[in-house]
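One structure is given here, and the rest of the page talks about it.
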Amino acid sequence: MIRATSSEFAKNFGRYKEIAQREPVEITSHDRTSGYLISEAEFLELKRLKEMAPKAISIHDLPSEDIEALMNTRMDPRHDHLNSLLDE
């Protein structure tokens, strides 16, 4: 991955924009990473993957019908043997 200081990046933006079409460009400031320049294709792929990731929600955000349905669920009896693992 190409690495550039923020001042070098600003001075040579066009060059780094072209490089970012092939690989990400790491931008640093005071020897610490401050960001990355990536191609549109890479960004869209990351966005797609992020949208596919499971999302956690708070029980407070669920409708009462869903909460009630969850409270009334029961484990399939075929898995009763797993309860003994909790006793150990």
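One is the number of the first residue; the rest follow in order along the sequence. Only a predicted model underlies this, so the values are computations on that prediction, with no experimental measurement involved.
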Got a sec, which residues hit salt bridge (Lys or Arg N to Asp or Glu O under 4.0 Å) with Glu45, two or more places apart in sequence or on another chain?
Arg48

Counterpart residues, salt bridge (Lys or Arg N to Asp or Glu O under 4.0 Å), relative to Arg32 (two or more places apart)
none

Where Phe9 and Leu37 come nearest, the two heavy atoms and their spacing
CE1-CD2, 3.7 Å

Between Ser6 and Ile27, the two heavy atoms sitting closest are CA-CG2, 3.9 Å

Pairs under 3.5 angstrom only: tabulate donor-acceptor contacts from the side chains of residues 57-72 to other protein residues two or more places apart or in another chain.
{"from": "Ser58", "atom 1": "OG", "to": "His60", "atom 2": "N", "distance (Å)": "3.1"}
{"from": "Asn72", "atom 1": "ND2", "to": "Glu68", "atom 2": "O", "distance (Å)": "3.1"}

Thr5 side chain to Ser29 main-chain N or O, any donor-acceptor pair under 3.5 Å?
no

Output for pair (Arg22 CZ, Glu42 CD), nearest 0.5 Å, gives 14.0 Å

Could you state the interatomic distance from CG (Asn12) to OG (Ser7), rounded to the nearest 0.5 Å?
9.5 Å

Where do Ile38 and Leu46 land on the side-chain contact (heavy atoms from CB on, under 4.5 Å) test, with the steps shown first?
CA-CA 10 Å; Ile38 60 174; Leu46 290 171; 3.7 Å; yes

In short, Arg15 meets Glu8 closest at the heavy-atom pair NH1-OE2, 4.1 Å

For residues Ser39 and Gln21, report the shortest heavy-atom separation together with the two atoms involved.
CB-OE1, 3.7 Å

Tell me, please, which residues at least two apart from Glu26 pass salt bridge (Lys or Arg N to Asp or Glu O under 4.0 Å).
Arg3

Run Ile2 and Tyr16 through side-chain contact (heavy atoms from CB on, under 4.5 Å) and show every step you take.
CA-CA 9 Å; Ile2 298 292; Tyr16 290 111; 3.8 Å; yes

side-chain contact (heavy atoms from CB on, under 4.5 Å) involving His79 - partner list, sequence neighbours excluded:
Met75, Asp76, Leu82

Test side chain to side chain donor-acceptor pair (under 3.5 Å) applied to Arg74 - qualifying residues, sequence neighbours left out:
none

Residues that Phe43 engages under ring pair (Phe, Tyr, Trp, His ring centres under 6.0 Å), provided they are two or more places apart:
none

Just to verify, what does Glu18 make a side-chain contact (heavy atoms from CB on, under 4.5 Å) with, not counting sequence neighbours?
none

Using a cut-off of 6.0 Å, state whether more than 12 heavy atoms not belonging to Met52 lie near its atom CE.
no

